[in-house]
Amino acid sequence: IDEHEITRKAYDEKQRIIESANEISRQMSEGTKEYADNILSEVEETILTLKTNIEAAQSTIDSAVNTIKNNRKELK
């Protein structure tokens with residue numbers, strides 16, 4: 001009877017350890033996904049800001065080119 005009780009307690013402890021390990025693994029996985037999502041969000045925001053700055057620079061360049069073309073036309 002004592003051996004049966006020891007075996008049952010060992011089995012229960014094994015189950016508790018497995019459940020705990022699974023929970024820790026799940027939490028780590030969620031934390032990793034959240035971290036990756038935060039990093040990707042920051043990268044996306046940076047790229048969108050860069051895109052806006054590039055578009056503004058392109059507009060300034062286009063305006064400068066048009067001004068130069070108009071000035072050259074006036075010289076002729």
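Atom set for the values below is all heavy atoms of this structure, side chains included, hydrogens, waters and symmetry mates excluded. Bear in mind that the values here come from a model prediction, so they are computed numbers and not experimental data.
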Novice: To the nearest 0.5 angstrom, please state how far the CG atom of Asn71 sits from the CG atom of Asn66.
Specialist: 11.0 Å
Novice: Does atom CD of Glu55 have more than 12 heavy-atom neighbours, drawn from other residues, nucleotides or ligands, at distances under 6.0 Å?
Specialist: yes
Novice: Find the distance between CG (Asp37) and OG1 (Thr32) and round it off to the nearest 0.5 Å.
Specialist: 12.5 Å
Novice: Nearest 0.5 Å please: distance from the CD atom of Glu42 over to the CG atom of Leu40.
Specialist: 9.5 Å
Novice: Out of curiosity, Glu45 CD to Ile47 CD1, how far, rounded to the nearest 0.5 Å?
Specialist: 11.0 Å
Novice: Give me the other members of the hydrophobic cluster that Ile61 sits in, counting Ile, Leu, Val, Met, Phe, Trp and Tyr linked by side-chain heavy atoms under 4.5 Å, directly or via other members.
Specialist: Val65
Novice: Which is it for Ile39 and Tyr35 under the side chain to side chain contact (heavy atoms under 4.5 Å, CB included) test, yes or no, and what are the steps along the way?
Specialist: CA-CA 6 Å; Ile39 294 297; Tyr35 175 76; 3.9 Å; yes
Novice: Salt-bridged, Arg16 to Glu19, with N to O below 4.0 Å?
Specialist: no
Novice: Could you tell me the separation between the CD atom of Glu74 and the CG atom of Asn70, rounded to the nearest 0.5 Å?
Specialist: 7.0 Å
Novice: Atom CD in Gln58, atom CG in Asp62: separation rounded to 0.5 Å?
Specialist: 4.5 Å
Novice: May I ask you to say whether Glu13 pairs ionically with Lys9, meaning some side-chain N is under 4.0 Å from a carboxylate O?
Specialist: no
Novice: Between the main-chain N or O of Ser25 and the side-chain N or O of Ser29, is there a donor-acceptor pair closer than 3.5 Å?
Specialist: no
Novice: Check Glu34, Lys33, Arg26 against Glu30 for a side-chain contact (heavy atoms from CB on, under 4.5 Å) and give me the one that passes.
Specialist: Arg26
Novice: Does the Thr67 side chain pair with the main chain of Ser63, one donor and one acceptor, at a distance under 3.5 Å?
Specialist: yes
